[in-house]
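Just passing along the structure, written as structure tokens.
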Amino acid sequence: MTGDYLEHLNEAQRKAVIHTEGPIMIIAGAGSGKTRVLTYRVAHLLQMGVDSFNILALTFTNKASKSMRERIAKIAGNEARNLWIGTFHAVFAKILRIEGHKLGYPPNFTIYDTDDCKSLMRDILREQNLDDKVYKPSLVLNRISSAKNNLYSYKEYQDNIEFTNDDHLSGKPKIGELFELYVKRCRKSSGMDFDDLLVNMFVLLRDHPDELHKYQHKFKYILVDEFQDTNYAQYMILKRLAAVHENICVVGDDAQSIYAFRGANIQNILSFEKDYPDLNIFKLEQNYRSTKNIVSAANSIIANNKAQIPKEVWTENVVGEKIKLMKALSDNEEGNMVANSIFDDKVNNQMHNLDFAILYRTNAQSRAMEEALRKMNIPYRIYGGLSFYKRKEIKDLLAYFRLVINHHDEEALKRIINVPARAIGKTTIEKITVVAGEKDKSLWEVMEQLSSDHVGLNSGTREKIGEFITMIKSFSVKLKELNAYDLASIIATSSGLLRELYADKTPEGLSRYENIQELLNGIKEFTETGNSITPRNDEEMYDDDPAKRTLDVFMQDIALLTDADEGDDNDNDKVSLMTIHAAKGLEFPHVFVVGLEENLFPSQLSVNSREDLEEERRLFYVAVTRGERKVTISYAASRYRWGNLISCEPSRFVEELDPEYMEEVGGRGSSGRGTRMNENNHGWNNDFSRSKIFNKQTSFNSTPQPVFNPKGHLKKMNSSDIKNFVGEDVSNIQVGMEVEHGRFGIGKVLHLEGKNPDLKATIFFEGIGQKQLLLKFAKLKIIS
DNA sequence: GGAGGCCTCGGAAGG
DNA sequence: CGAGGCCTCC
């Protein structure tokens, strides 16, 4: 690694990279080189002699961790081998496999995916004789998930008057009970759901000081990507891990927070500085991705949000084309207009299919786009369909592997005990489940001791169960003897699974058989090269001992995997179709954002709450900022929805977009409605109205508050709950002035340092003491 | 125990 | 309209 790598960075980026000690927060605008800063920062740490063993980098997606690993390896090479780079879930799963015994988990615990959780909840509801129309499994699970993500145990949930009141009012008083049953049942199966990986990591650090100490000292430098997406549990884990060295660097963009609906707590980003008074904040505001028109248009959209950290994204790029607006009569016409536009661009501007992306709010919108593209013979690819690992046949085979590794895995057992059919039916399983409940055993344990447990099954069934148990055990014996591929093949064959699929000569059956072969090929590759299709840490990747490449190792975090590696088909010149959520982090020369209609985008479920509406607006912001050279937005006057033709109104977001940066195409006259309040919008520090708007949103809480997933209808605790204290412009603040603060009360300014935008004041508050406040965040009023 | 008809419901989606 | 879960009938 050479020293000149810092020259690839602009001033702000370089500062963020070389400021290695102490807590820092990087607010990274769209297209501002965030990934570059993160990877260079790690490279810089290594260059400075930091042991790679002491660095932890956390991401949200496997994709992000994979690309970060690759980019760091490019700069830092072999020095990067012991870095811990991974998703929150993968890293915590890895730690919990080592330390989980302290919490009563075996190292081979199963990770339950959402389908497992749902089916378990269904079983529990059935056993409790509860109506699953009232207690919808997904709703109950959402509520449990929200509670877990906010670190409430089932006991705390049951003792919490607000939760139980809510549940009574909504006619579902048993949720607390279901929570408990669910947790105990997961335990009995030695299973953790995704939330448990966070909860248990937190509990490990909370209840085991030796563990806390160990990992605090291991992870001397912590980096967090997409910090705006963290939830409360993740935040509290980070806080504990970083408590000794406080070398924590978080990177995020509040304007791109689009996952509050699944528990992300935007409060974390606003509260971070309150928890770290000596926090350094860096802003990356120069956009390298898009034209001036696109950047300005995006800025004009996001300016409509009240909750935001002030920043001004700008670019030195060319002005470029204005945002194109297309109006269609129907969803089908919209598709045709998009396809035609792609065709024109290809012919006139020598563009390729892969230069285009069509982004939509809901998956259902892809149909009209697909039809239009097919008609014009434009190849396309849809992202985010049914994942490889969600396919039935794959899940079946994986369930065999799971049961071989962990006999107590109830969901795996129930999935495959009769696949292929071996005459062990529902009634039998029900009887076994009842006994298991009575004796507090796992299903496997009951099945193993059928005679002593008096389950009341006829001898034929008992024999069948005995055969099944013997078969699984015979596989388990070989776990450490055989390599992953050999054992997997034996299981696929001896279980009869492969034979059954082979016998099915329908096209679907054929494709299922091929999928199984593909999975086996993946396992073969793992066995031969040690390269897993699952992301791993380098120390494992470089592990040259093939004897360690056993099936249980392969399976360790397969449940954390959602999509198989994509893009290896030989023809990649295709138009990309995906939801806006899926497009986050990507960029394309020409982006289409379709379906800009009220009740679709913004979704009708969002229009009644300002928080939800602002998230939709951030989503639109994300969509527009994917574009490099050209962005086209469109809406239709009517579209099919669930089989009915409905008429549509243009989205409010179209009007919010500053018409200066937009023009209508398709020849039906301009839509120059709506004037702008904030033209000539300059830097936030000079813009009184904007900083005031922002101030209304700032939280005073030094610890982030739990925020519940709205879907679960738990108590929503967000900015509207926080005392509404309006600050004012304090740019003329002087030492000696008296000021008022929303939470600390009246105080006296003792000292000022830094300059706008990072002016920091030291203020003495009576009865509270000295506080350092960053003026751009603090809500202050000058009294005298 | 399995196939096929019936009913219900519908947001986006990471691990 | 379409997917997925459940129930019924064989």
Side-chain angles (χ1 to χ4, degrees), chain A residues 58-65 86-94 111-119 122 125-126 132-133 136-139 142 145 149 192-198 201 225-226 229-231 233-234 257-264 331 359-365 367-368 383-387 389-390 392 417-429 461 464 534-535 557-563 578-585 595 599-607 612 615-616 618-620 622-623 639-646 709-711:
Chain A
L58 294 169
T59 66
F60 273 81
T61 64
N62 291 311
K63 206 162 122 195
S65 69
T87 64
F88 278 90
H89 291 85
V91 167
F92 297 165
K94 185 180 156 132
I111 298 173
Y112 272 10
D113 67 19
T114 37
D115 287 349
D116 295 321
C117 301
K118 239 187 202 163
S119 111
R122 269 201 201 94
L125 291 168
R126 211 172 295 137
D132 67 0
K133 302 271 187 304
K136 287 185 189 160
S138 57
L139 186 132
N142 263 322
S145 175
N149 283 326
M192 291 192 204
D193 65 20
F194 291 130
D195 303 320
D196 288 335
L197 294 171
L198 307 183
M201 184 69 200
D225 192 15
E226 306 279 14
D229 290 340
T230 48
N231 62 34
Q234 287 161 328
S257 161
I258 54 175
Y259 285 113
F261 73 91
R262 64 175 192 214
D331 46 358
L359 309 183
Y360 34 77
R361 179 65 180 82
T362 67
N363 281 307
Q365 289 167 258
R367 189 200 49 90
Y383 288 79
L386 187 63
S387 134
Y389 293 96
K390 287 233 166 92
K392 182 189 176 297
I417 191 161
N418 206 30
V419 176
R422 41 177 82 84
I424 306 172
K426 208 164 64 180
T427 327
T428 307
I429 295 300
T461 310
K464 294 270 195 294
T534 68
D557 36 28
I558 202 101
L560 299 175
L561 209 65
T562 41
D563 50 332
M578 66 187 93
T579 63
I580 301 165
H581 283 92
K584 192 170 170 206
N599 298 328
L600 179 61
F601 193 16
S603 138
Q604 81 254 34
L605 293 138
S606 73
V607 295
D612 291 351
E615 177 148 319
E616 294 282 307
R618 291 192 294 269
L619 195 56
F620 186 38
V622 167
R639 75 171 59 239
Y640 274 95
R641 215 164 178 198
W642 300 328
N644 302 312
L645 189 66
I646 55 159
N709 186 335
K711 247 196 175 164

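Just so we're on the same page: letters track the sequence lines, and every chain starts at 1. Worth saying up front: this structure is predicted, and the values here are computed from it rather than measured.
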| message | By the 4.0 Å heavy-atom rule, please label A/F60 as base, sugar-phosphate, or nothing. | response |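 Sugar-phosphate only.
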| field | Distance below 4.0 Å between A/N231 side-chain N/O and B/dG14 OP1 or OP2 | value |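 False: A/N231 side-chain N/O out of range (4.0 Å or more) of B/dG14 OP1/OP2.
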| What is the nucleic acid contact for A/D229, judged by heavy atoms within less than 4.0 Å: base, sugar-phosphate only, or nothing? |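 Nothing: the residue A/D229, judged by heavy atoms under 4.0 Å, touches no strand.
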| task | Calculate the interatomic distance between A/F92 atom CZ and B/dG14 atom C1'; express it in whole Å. | result |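 Taking atom C1' of B/dG14 as the reference, CZ of A/F92 is at 14 Å.
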| task | Could you tell me whether A/R122 contacts a base, only the sugar-phosphate backbone, or nothing, with contacts defined as non-hydrogen atoms closer than 4.0 Å? | result |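 Sugar-phosphate, backbone atoms only, no base.
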| Presence of A/T579 side-chain N/O under 4.0 Å of B/dG11 phosphate oxygens OP1/OP2 |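 The answer is no; no side-chain N or O of A/T579 sits under 4.0 Å from OP1 or OP2.
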| query | Looking for any heavy atom pair under 4.0 Å, which part of the strands does A/I424 touch: base, sugar-phosphate only, or nothing? | reply |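 Sugar-phosphate contact only.
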| query | Contact class for A/E616 vs. all strands (heavy atom < 4.0 Å): base, sugar-phosphate, or nothing? | reply |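 Base, at least one base heavy atom under 4.0 Å.
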| message | Counting the atoms with a prime plus P, OP1 and OP2 as sugar-phosphate, which does A/A93 contact under 4.0 Å by heavy atoms, base, sugar-phosphate, or nothing? | response |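 Since no nucleic acid heavy atom lies under 4.0 Å of A/A93, the category is nothing.
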| Between A/G425 and A/R361, which is nearer to the 5' end of DNA chain B once each is assigned its nearest nucleotide? |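 By nearest-heavy-atom nucleotide position, the 5'-most residue is A/G425.
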| Integer-rounded Å distance: B/dA13 C1' and A/M578 CE |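 That distance rounds to 14 Å.
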Distances under 3.5 Å between nitrogen or oxygen atoms of protein and nucleotides 4-10 of chain B:
unit_1 : atom_1 : unit_2 : atom_2 : d
B/dG10 : N3     : A/W642 : NE1    : 3.2

| field | For atom CZ of A/R618 and atom C1' of B/dA13, their distance in whole Å | value |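 Atom CZ in A/R618 sits about 16 Å away from atom C1' in B/dA13.
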| task | Output, in order, the C-alpha distance, side-chain angles, deciding distance and verdict of salt bridge (charged side-chain N to carboxylate O under 4.0 Å, His left out) for A/D331 and A/R641. | result | CA-CA 10 Å; A/D331 46 358; A/R641 215 164 178 198; over 6 Å; no
| message | Output the rounded distance in Å from CZ (A/R126) to P (C/dC7). | response |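 The answer, rounded to whole Å, is 8 Å.
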| request: Taking side-chain contact (heavy atoms from CB on, under 4.5 Å) as the test, write out the residues that go with A/K392, two or more places apart. | output: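 So A/K392 forms a side-chain contact (heavy atoms from CB on, under 4.5 Å) with A/D396, A/R415.
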| field | By side-chain contact (heavy atoms from CB on, under 4.5 Å) - contacts of A/N363 (at least two apart) | value |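 Counting only residues at least two positions away or on another chain, A/N363 forms a side-chain contact (heavy atoms from CB on, under 4.5 Å) with A/Y360, A/T579.
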